[in-house]
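Notes to accompany the following structure.
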Amino acid sequence: MNPLKMVRTQIKSALNEMDLDPVIYDLLAAPKRFYDFSFPVKMDDGNIKIFKGYRSQHNDALGPNKGGLRFHQNVTADEVKALSAWMTFKCAVVGLPYGGGKGGVIVDPRTLSENELERLSRAWMRAFHSVIGEYKDIPAPDVNTNQQIMSWMLDESNTIFGKGEVALLTGKPIALGGSLGRTEATGYGVAFMVKKVAEKIELPLENSTVVIQGFGNVGSYAAKKLVDYGCKIIAVSDVYGAICNPKGIDVRELKQFVEAGNKVSDFPNVTTIDRDSIFNIKCDILVPAALENSINEENADVIECKIIAEGANGPTTPKADKILLKKGIFIIPDILANAGGVTVSYFEWSQNLYGHYWSKKEVLQKEEDKMIEAFEQIYELMCEKKIKNMRKAAFMFAIEKISKVMKLRGWC
Ligand code: GLU
């Protein structure tokens, strides 16, 4: 499903329960600003290749636009627009003083050499520097982008601006102004939310079974924290394949194995299964931590679990949502479940602007507190309005906040 259609359906579904001016839908259905740049990069063989990149600034009522930048061969304009809208709602859900932004470059980074990746990252900054800014739009890592890419981009911006604006990007390495805890933040946040829901539905986490779809930064840290809570990870997938072991997979070892450049499916002493059959495995907790549309009307029927915690953005289509809700599955929506990343990005940005840094313990505690506060408020709204669908309640909670500020600003 087109992700932009998906987010529009989600907005409409929340607005149906709210008594707001219909113009609110128009204000939220499309980004306020959208940039489309083509930029040249010199490849190792001496040829010039033109890359296409998008940046979407969805809504800046609550503050500067904030959101990641992904490098992926399937990036589309509508996908970037949708992802920027999810950022707007995500920041509002956790109470950050940000609007939503997102960027994407159409490229499969696996086809680039290290030097080409660096030149692409620097060229991106030269193309986009005029539309971003520490009080305007603050990019961060997303799918296939990382601390090294942020470092090259930040360095390029120093040359362009003739000064170092360290708060221009988040998700930087610690040595370059990054925040302790940022790497773990998204995955740990997913686990914090699973723990809260498990308490509410009275699911003991000790020995509960978990399936993780996608073992990148989000999936691997979510798995690690869930193991700390006593859960057993029984299946894991990546883009190439999947593995399972009903007795539990050692995720610390798997993480090291994958970080050393290996595929999940080459991990020893486990059963290898087809990548997409990961959803056929019965479990207590399912964490989709890959891309949009992973759970759709074609596979929602076979999913058997108690909690779905959306580590990815937009992993569940609206049709799948309906099927899963009917089955009584508690879905922790992306705009809450994976909000830990941008929450710690906000901490990084504030630490940069203050020039004063916090300990990892402090960062992770503040992240957990912020997410729990958001969870409790949304849960209360669910109880008050008798809504079983947490996604709908989270959208209502976010739209309420954003529309109030848009009214104050005279936009509606
Ligand atoms: N890319 C992440 C997300 O989708 C993090 C964004 C950020 O830290 O600004 O939430």
Side-chain angles (χ1 to χ4, degrees), residues 3 7 54-60 62-72 75 79-105 128 132-147 149-150 153-154 167-173 177-190 192-193 214 216-219 221-222 288-292 309-315 332-352 363 366-367 370-371 374 394 398:
V7 73
Y54 306 110
R55 185 82 194 165
S56 175
Q57 296 169 348
H58 175 256
N59 183 295
D60 56 1
L62 294 179
N65 301 92
K66 180 86 192 81
L69 163 66
R70 65 175 56 179
F71 287 174
H72 197 277
V75 160
E79 181 195 33
V80 174
K81 288 179 188 175
L83 289 162
S84 69
W86 282 317
M87 285 310 300
T88 300
F89 302 118
K90 194 186 297 186
C91 293
V93 157
V94 267
L96 308 180
Y98 289 140
K102 196 70 149 212
V105 176
F128 284 86
I132 61 167
E134 56 185 14
Y135 291 107
K136 191 151 100 181
D137 182 3
I138 307 124
D142 196 80
V143 174
N144 294 336
T145 50
N146 55 27
Q147 293 187 349
I149 291 172
M150 296 302 114
M153 288 181 169
L154 190 75
L168 176 67
L169 303 162
T170 60
K172 303 178 292 287
S179 175
L180 291 165
R182 176 62 185 86
T183 311
E184 302 87 336
T186 317
Y188 279 15
V190 171
F192 297 154
M193 294 296 93
N217 181 259
V218 182
Y221 279 106
L291 292 172
E292 304 92 71
E310 295 184 335
N313 291 309
I332 316 172
D334 47 5
I335 57 169
L336 173 64
N338 72 36
V342 72
T343 300
V344 177
S345 271
Y346 162 59
F347 297 157
E348 179 176 337
W349 179 79
S350 4
Q351 290 172 86
N352 291 155
V363 169
K366 282 187 206 292
E367 176 197 352
K370 246 191 168 345
M371 291 187 74

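The shown structure was predicted, so the numbers you read here are calculated from the model rather than taken from an experiment. In each ligand, atom 1 is the first atom listed, and ligand 1 is the first ligand listed.
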For ligand 1, the residues whose heavy atoms come within less than 4.0 Å (ordered by chain, then number)
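If the criterion is a heavy atom under 4.0 Å, then ligand 1 touches Lys66, Gly67, Gly68, Met87, Lys90, Lys102, Ala140, Pro141, Asp142, Arg182, Asn313, Gly341, Val342, Ser345.
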
Sequence neighbours excluded, which residues qualify as side-chain hydrogen bond (donor to acceptor under 3.5 Å, both in side chains) partners of Asn352?
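side-chain hydrogen bond (donor to acceptor under 3.5 Å, both in side chains) check on Asn352 returns Lys172, Tyr357.
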
Those residues that, when tested against Glu134, pass side-chain hydrogen bond (donor to acceptor under 3.5 Å, both in side chains) (two or more places apart):
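Result, side-chain hydrogen bond (donor to acceptor under 3.5 Å, both in side chains) vs Glu134: none returned.
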
Is the shortest heavy-atom distance from the side chain of Asn65 to the side chain of Ser84 under 4.5 Å?
no

Could you tell me whether Lys102 and Glu292 have a side-chain N and a carboxylate O separated by less than 4.0 Å?
no

Of all residues at least two apart in sequence or in a different chain, which pass the ring pair (Phe, Tyr, Trp, His ring centres under 6.0 Å) check with Tyr221?
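Only Tyr188 meet the ring pair (Phe, Tyr, Trp, His ring centres under 6.0 Å) criterion with Tyr221.
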
Measuring from atom CD1 of Ile335 to atom CD of Glu310, what distance do you get when rounded to the nearest 0.5 angstrom?
9.5 Å

